[in-house]
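Notes follow once the structure below has been shown.
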There are 2 protein chains.
Amino acid sequence: MAYASALIALSDPTRRQVFERVIDGPRAVGQIAEGLPVSRPAVSQHLKVLKQAGLVTEQRRGTRRVYAANPQALGELRAWVEAMWRDALAAMMASIDGEEQK
Amino acid sequence: MAYASALIALSDPTRRQVFERVIDGPRAVGQIAEGLPVSRPAVSQHLKVLKQAGLVTEQRRGTRRVYAANPQALGELRAWVEAMWRDALAAMMASIDGEEQK
DNA sequence: TGCTAACGTAAGTCATGGCTTACGCATCGG
DNA sequence: CCGATGCGTAAGCCATGACTTACGTTAGCA
């Protein structure tokens, strides 16, 4: 059920912005927060959620903390959405077939 | 940006349960709510959110309202996650290559 | 050994959202 | 035509969560 925490993490628009910046390449917190409409502590809190969801990894670099995207957690979410999509398609086809028979 | 509302809609566990029941096949509200740990009005509210996100469609059948899954909205979410996943993979590779060169 | 930079965290505020009960409204059957 | 069924919606409650400012902590640097 790792996709659950990923869904929650990515449901917030600001946190999505943070995550997309990390995906662009490994960055320190200050660089991520730069230009965002929220304060740096807010970004730290978002990164904490993303980290607990497994979406990003943290690496200490002196006084800075460099965050990088972790494709694996994204892959699990991808697999879940894919399965749901397939099921929805299959159910739709079955529903149409049932309609034809009347 | 249709994926945004889909992410919000699917981030709630109860709403996910509702959606998964709809994916299983078109059902009326009463059937969906049956066995769930929340009341029927709560299910109605969840269905409203899912409908506004485009994840389900509504069809009136006498006094009942039959809800069915809409694969298209799920497909858009799928495409978005897929793109993010690719980008994350690409950034990871680039990061590793940069590491090798030092 | 201070000073500064780059963080995380604590505490408090405020809006959002999920849930309940109560009610209103349309539809089918007698 | 009237009761019952199957809903959606309104109102209110309460927990959660996103954000702020203030502070503590650690690492580089003169």
Side-chain angles (χ1 to χ4, degrees), chain A residues 1-22 24-70 102, chain B residues 1-22 24-70 102:
Chain A
M1 311 250 224
Y3 64 86
S5 49
L7 277 174
I8 294 176
L10 294 178
S11 64
D12 181 72
T14 307
R15 195 154 47 219
R16 238 177 6 243
Q17 268 191 285
V18 170
F19 183 53
E20 287 171 359
R21 291 202 175 196
V22 175
D24 258 12
R27 293 184 209 281
V29 180
Q31 302 179 14
I32 300 172
E34 190 181 328
L36 285 185
V38 295
S39 67
R40 184 196 50 75
V43 173
S44 269
Q45 293 166 5
H46 283 309
L47 285 168
K48 185 178 184 180
V49 175
L50 290 171
K51 183 183 172 187
Q52 287 176 340
L55 288 168
V56 301
T57 58
E58 178 190 318
Q59 186 184 4
R60 309 206 176 187
R61 207 89 164 192
T63 136
R64 326 204 167 175
R65 313 213 177 173
V66 177
Y67 286 88
N70 178 23
K102 88 168 158 57
Chain B
M1 312 247 220
Y3 64 86
S5 49
L7 277 173
I8 293 176
L10 294 178
S11 64
D12 181 73
T14 307
R15 196 154 47 219
R16 239 179 3 245
Q17 267 190 286
V18 170
F19 184 53
E20 288 172 358
R21 290 202 175 195
V22 175
D24 258 12
R27 292 183 210 280
V29 181
Q31 302 178 15
I32 300 171
E34 191 183 328
L36 285 185
V38 295
S39 68
R40 185 196 49 76
V43 172
S44 269
Q45 292 166 4
H46 283 309
L47 285 169
K48 185 179 183 179
V49 175
L50 291 171
K51 183 184 171 187
Q52 286 176 340
L55 288 168
V56 301
T57 58
E58 179 192 318
Q59 186 184 4
R60 309 206 176 187
R61 208 89 167 191
T63 137
R64 326 204 168 175
R65 313 214 178 174
V66 177
Y67 287 88
N70 178 22
K102 86 168 159 59

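In what follows, chains are A, B, ... by sequence order, proteins preceding strands, each numbered from 1.
The closest donor-acceptor contact from the side chain of B:R21 to the backbone of B:I32 lies under 3.5 Å. Although no hydrogens or angles enter the test, the distance criterion places no donor-acceptor pair under 3.5 Å between the side chain of A:R15 and the main chain of A:H46.
Of all heavy-atom pairs spanning B:P26 and B:V66, the tightest one is CB-CG1, 3.7 Å. Residues A:L36 and A:V18 come closest through the heavy atom pair CD1-CG2, 3.8 Å. Residues B:V43 and B:A33 come closest through the heavy atom pair CG2-CB, 3.7 Å. Smallest separation of non-hydrogen atoms from B:A53 and B:A9: CB-CB, 4.1 Å.
Whole-Å rounding puts the A:R27 CZ to C:dA6 P distance at 16 Å. Atom NZ in B:K48 sits about 15 Å away from atom C1' in C:dC19, given to the nearest Å. Straight-line distance from the CD atom of B:Q59 to the P atom of D:dG6: 18 Å, rounded to whole Å. In this structure, CD of A:E34 is placed 15 Å from P of C:dA5, rounded to the nearest angstrom. The nearest whole Å value for the distance from the OH atom in B:Y67 to the P atom in D:dG6 is 15 Å.
Screening A:R64, A:K48, A:R27, A:R65 against A:E58 for a salt bridge (charged side-chain N to carboxylate O under 4.0 Å, His left out) leaves a single residue, A:R65.
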Could you pull out the protein-nucleic contacts involving nucleotides 1-5 of chain D (nitrogen or oxygen on both sides, under 3.5 Å)?
none

With 3.5 Å as the limit, what N/O pairs link the protein to nucleotides 14-20 of chain D?
| from | atom 1 | to | atom 2 | distance (Å) |
| --- | --- | --- | --- | --- |
| D:dA18 | OP2 | A:R15 | NH1 | 3.0 |
| D:dC19 | OP1 | A:T14 | OG1 | 3.0 |
| D:dC19 | OP2 | A:H46 | NE2 | 2.3 |
| D:dT20 | OP2 | A:S39 | N | 2.8 |
| D:dT20 | OP2 | A:S39 | OG | 2.7 |
| D:dT20 | O4 | A:Q45 | NE2 | 3.1 |

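Annotation: of the two residues near DNA chain D, A:R60 and B:E58, the 5′-most nearest-nucleotide partner is B:E58.
A 4.5 Å side-chain heavy-atom check between B:V22 and B:L55 finds every atom pair outside the cut-off.
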